[in-house]
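Quick notes on the structure that follows.
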Amino acid sequence: MEPQKTPTSLVFGVNGERFELSHVHPSTTLLEFLRTHTRFKSVKLGCGEGGCGACVVLISRYDPVLEQVEDFTASSCLTLLCSIHGCSITTSEGIGNSKEGFHPIHERFAGFHATQCGFCTPGMCVSLFGTLVNAEKTDRAEPPDGFSKVTVSEAEKAIAGNLCRCTGYRPIADVCKSFAADVDMEDLGFNSFWKKGENKDLKVSRLPRYDRNQLSSRFPTFLKEIKHDVFLASEKHSWHRPISLTELQSSLNLNNSNGTRMKIVVSNTGMGYYKDKEDYDYYIDLRGISELSMIRKDRTGIEIGAAVTISKAIDALRENIRCDFLSDYVMILEKIADHMSKVASGFIRNTASVGGNLVMAQRNNFPSDITVILLAADAMVHIMTGTQFEWLTLEEFLERPPLALESVLLSIKIPSLELNQSESSEPRSRFLFETYRVSPRPLGNALPYLNAAFLVKVSPCKDSGGTVIDTCRLSFGVYGRKHAIRGNKVEEFLAGKILSASVLYDAVNLITATIASQDDNAITAYRSSLAAGFIFQFFNPLIDNPERISNGYLNGNNNNPFARDFELKVSQKKVLHDKVPTLLTSGKQVLEAGCEHRPVGEPIVKSGAALQASGEAVFVDDIPSPSNCLHGAYIYSAKPLARVRSIKLTPELQLDSVRDIISSKDIPNGGENIGSKTMFGIEPLFAEEEARCVGERLAFVVADTQKVADMAANSAVVDYETENLEPPILSVEDAVERSSFFEVPPIVYPKHVGDISKGMAEADHKIVSAEMKLGSQYYFYMEPQTALAVPDEDNCITVYSSNQCPENTHSVIARCLGIPESNVRVITRRVGGGFGGKSIKAIPVATSCALAAHKLQRPVRIYLNRKTDMIMAGGRHPMKITYSVGFRNDGKITALELQILVNAGIYVDISAVIPHNVVCALKKYDWGTLACDIKVCRTNHPSRSAMRGPGEVQGSFIAEAIIENVAATLSKDVDSVRSINLHTYNSLQSFYEYSHGEPNEYTLPIIWNELAVSANYDQRTKMVEEFNRINTWKKRGICRVPVVIQLMQRPTPGKVSIFSDGSIVVEVGGIEVGQGLWTKVKQMAAYALGAIQCDGIGGLLDKIRVIQADTVSLIQGGFTAGSTTSESSCEAVRLCCDILVERLKPLKENLQKEMGSINWETLILQAYMQAVNLSASAFYVPSMSSMSYLNYGAAISEVEIDILSGETRFLQTDIIYDCGQSLNPAVDLGQIEGAFVQGLGYFMLEEYQTNLDGLVLQDGTWNYKIPTIDTIPLQFNVQILNSGHNQHRVLSSKASGEPPLLLAASIHCATRAAVKEARKQLLSWSNQDGEDSTFQLEVPATMPVVKALCGLDNVERYLKWKMGRT
């Protein structure tokens, strides 16, 4: 292959260090290289799809002609290593670190309390850094000292593509905004830099100083001389970067003729969507060819090379070219650029090419936004096939058969408009252009449900005063089987017509039929409805309003109600950018630092926050691989119930580097096939003869690299047999029919309250056998499941595991291997997000590695890929609920009877506790009497497990749904029904028999009333009513929701050791999962040791280090769950410190007599010399009186729905939450916000469904959408209530990890209120009075769900109503 070329070396820099490689497999990604061949581990693998931002790096490239450095962020998981020849890579460690000094970005992340688990934080830091670097290159005015040229809007959007599952984003946005020159310092939220009430100058001076000059001269000089053409060759694979079309043609011909498997690449971002299923021999990088990278502008239009990145195309389209083109054309280019800025995320747009996007659409039917908007703009494409060149319209290009490999797209041209007097007899003709995109995320980073673009030439009609449609091009993205299409029938119908309601009505019907005919899946009706909405939005403002045609803009300067609804703005210089909402307004954080037990109660910065930001915090996969280390991947069942006859690898992938396939047959004599255990039962490590659910582990492939292990597992051929097997149970209804249930021990089964028949008899009204269903939710911890097992001497093994239950893992590994527990050691330093998914579900992952390592006597590790993780995870418990409720005329409920079917999956896991948790949270209201029948159904799904607020989230929501139904039945205000059913202290005692506490502890009534005042609830309710009265196409809702939750403390160990220099090491059973456990423990240790009262104890906090959990060093660690582990760990540490203080007191008193005063270091040194035992262990066992308590909170949320699209905007959320006497209000604030946003995801965004076989449909970042910075409340206000002292709790504190998640139901209920208004309006268009208020809003209330309830045909019904009135 290409014998005339001499192989070159690949040269690049990482954080200033030079790397030169002569042999590289072309499929190696930059991420893979950084993590396996450098010491830089801040780049994390979160998804492998470019969808999460955990792996973002800054790439810098020198242009010798311009003598400039180009800097851009990129997704290193998709960037091929060979493509960075001559580039400098900067990771978060390269921005700053603990050795050379942290960057202000890192320090501000710490100081604004913007990190929790910290796994995603380095990627966030690099995204922000890239934005700051590029802002300095603009010609904007010099910013004030300490600030950047970046604007607040740009700063917020800097992390729009980065996912975080912990924080809720609000503090991260504050970090970003703090660098902006135009920031209002008052808008920045709670932080550790300044105190409330300090003036602006003082605040600025307290921020870690940002020096803009540090950004210059970062590019290494050794890279400036590098030649950019590169040819890398090895025995089997090569990478070529041609520099001319002729060279490209010869490469294509040569390799096409000898059957070489060839891959043409520009940036490889397509791999995020279309994973490589084969190994390629020859890679051709198109970026060296100048013709493909040029941007040319002339009077005929703008031509963009196919290898030009989307970001560069956006910049070119937005450049000031008004002098060269008609203003209509400028408007079109700017709107195309505006739409393109919502494609993917910034770090993908920076590398993804425009041509690659179009080719994927043409070849694979990729759902491309760019294709749709260019189709409407009548774009042309330039194609090279062999030595032949041709121009095609984009429409012709899309209709052709898939582009062959020898054909290359060279460029795309957007032709200028031809509009002059000779062509048009009407001098006032204008072009109007608009693009549309309805997506789960406003700023992009999500495929749209539907997109469209319309280019329409219109002119006023002299006779009628109306608007004439001269010509139009209407393009739509139709997903499923086809590429983008034109709405030809609608175009033909509209041409030459004067716009009217009846014409628009016919056009809408034509387009819905067109869209519906293209697709046959469940979401088709929604897409058709969206298309109708787009047509309506575009044309309706023009009906009878020709004056709206003003230089290509829809002129909104009049009092037409649609102008108000669509917020159409006029501007000669600016295109409509208002569809992207302002991300966030200032939120309020009201919290009170405790002063009684300092430093406990103070909002100190989270332990290790700056290390997390710089990427130096070590997670399991950051531990360097020991020599001879192997990597594992699972072969899992693709059938819900089948016998497994054999498992084989495909012949071409029986690679030398695959070392073994481990299964149940490899479990040693004396060992058990056990993968996990709970108090309710065990789950096997591997299926033996039968696979019982999709995703069940069948075998564990072990190979030399993770990539090979994954490829081998994916290619495995499993021979199944289903003969004579019963059909699988794939619904709770099937489970009932076949009596397939797990037993729930009586001790955890919920008790009835009162006499249900008596309660029903007291009711004036009854709702009988109402039904509802709740779906599942995936954890989406940013760090997937991971473990490393290292065999040791004497049949011992050490396992590093990302795990919330190391103790259980320890025990299971010992049982599986058939060795004593004393031979096993499990170490967990920190977890990159858990939410319950790293509890039971992490155990088999660690055990699989241990089994393989034990058998092969080599270290074995695994890093589960995101798709496999999502298929196997199980997630939150789905449920079917049937209830009957009796209530009086005033809304007071007298009786509630529940039947609940819980889908637990195939193994019991923790599912037996779900009935207790559901009822516990549901009891937040006084139901009068309560009876329940809850069955835990065994189905052929992956076993469901604990997920943040397991059962409690569902129970709390069920309560709200019942209250909503009662209010709707009575036609009463739902807030009054909630209020009348809140507990009195007497009813609280009946429903929460052992945990109700003293009367003064019942703070919910205070919170309920205080929240109404602080959030201005009554006035805002009236404002919402007024908004709904005057707005047709947007509706608002507001809702107030309480939470009452029972929390349990568990036995927890602790150990405190003091070294001779006075520094202190603390060990606890609890695991740091991002909840700030280490931080609170450090504070408690400093407080408790401070009781010795010697000099220098004020600095104890800085002397304390909390170390990793080690199951040999500290036994009986229990599990980290249920929100109370931090406080239990704190109490265990306090007991240890009390022991140490008692040991030190006599010595201290003696020394004081001798010396007068004594400092901490001297005391400890003397203690060492006098053989005082300075290590103490304790085991905190809560008493019956302190074991359980209730916690309270309330939230008010206001939302706005767009009834044309079903989009819900979360306008404002106000929370008051009772933390008792908070151990650290900054940490608790983060927990409250993060939990709430995770709950918002469950109730509004996250679909986690299965197909008919039980296979998960949402298996990656492309189709599973957690909240992002643009989908959280625009204004987020949180007040932490420091309620009274209580001797039965740990320094009077209360937990904050899970309960606030339940408050996110307020968003769902507010959405229901808005939908109710939309339905009332819909009825009025059909000339029906009244309201249909007993409808059910599904969970999650996604855009299609909301739109369906607002009327899929609401545009048609409105137009019909309008026609009837004229």
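Values in this document were obtained by computation on a predicted structure and should not be read as measured data.
Among Tyr925, Phe991, Trp927, the single residue meeting the ring pair (Phe, Tyr, Trp, His ring centres under 6.0 Å) criterion with His983 is Phe991.
Pairing each heavy atom of Ile900 with each of Val918, the nearest pair is CD1-CG1, 3.8 Å.
Remark: the Tyr883 side chain and the Asn965 side chain contain an N/O donor-acceptor pair separated by less than 3.5 Å. Counted by atom type alone, Tyr778 and Glu1246 present zero donor-acceptor pairs between their side chains at under 3.5 Å.
Here the two rings, on Tyr779 and Phe835, have centers that are 6.0 Å apart or farther. The six-membered or imidazole ring of Tyr907 lies away from that of Phe742, with a centre-to-centre distance of 6.0 Å or more.
Using a 4.0 Å cut-off between charged nitrogen and carboxylate oxygen, Asp1218 and Lys1294 count as a salt-bridge pair.
The OG atom of Ser979 sits 8.0 Å away from atom CG of Asn1009, with the distance rounded to the nearest 0.5 Å. Atoms CG and NE2, on Leu730 and His941 in that order, are 5.0 Å from each other to the nearest 0.5 Å. Distance check: Ile1045 CD1 to Leu1190 CG gives 9.5 Å after rounding to the nearest 0.5 Å.
The cationic group of Lys923 lies under 6.0 Å from the six-membered ring centre of Tyr992 and within 45° of the ring axis, placing it in a cation-pi geometry. For the pair Arg1050 and Phe1119, the cation sits on the ring face: its NZ or CZ lies under 6.0 Å from the ring centre, inside 45° of the axis.
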From CA spacing to verdict: ring-ring contact (aromatic ring centres under 6.0 Å, His included), His1308, Phe957: CA-CA 9 Å; His1308 189 276; Phe957 178 76; 4.9 Å; yes
Please test Ser956 against Lys924 for side-chain hydrogen bond (donor to acceptor under 3.5 Å, both in side chains), starting from the C-alpha separation and ending with a verdict. CA-CA 7 Å; Ser956 191; Lys924 65 179 180 178; 2.8 Å; yes
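Taking the six-membered ring for Trp and thresholds of 30 and 60 degrees, Tyr1002 and Tyr985 have ring planes inclined between 30 and 60 degrees apart.
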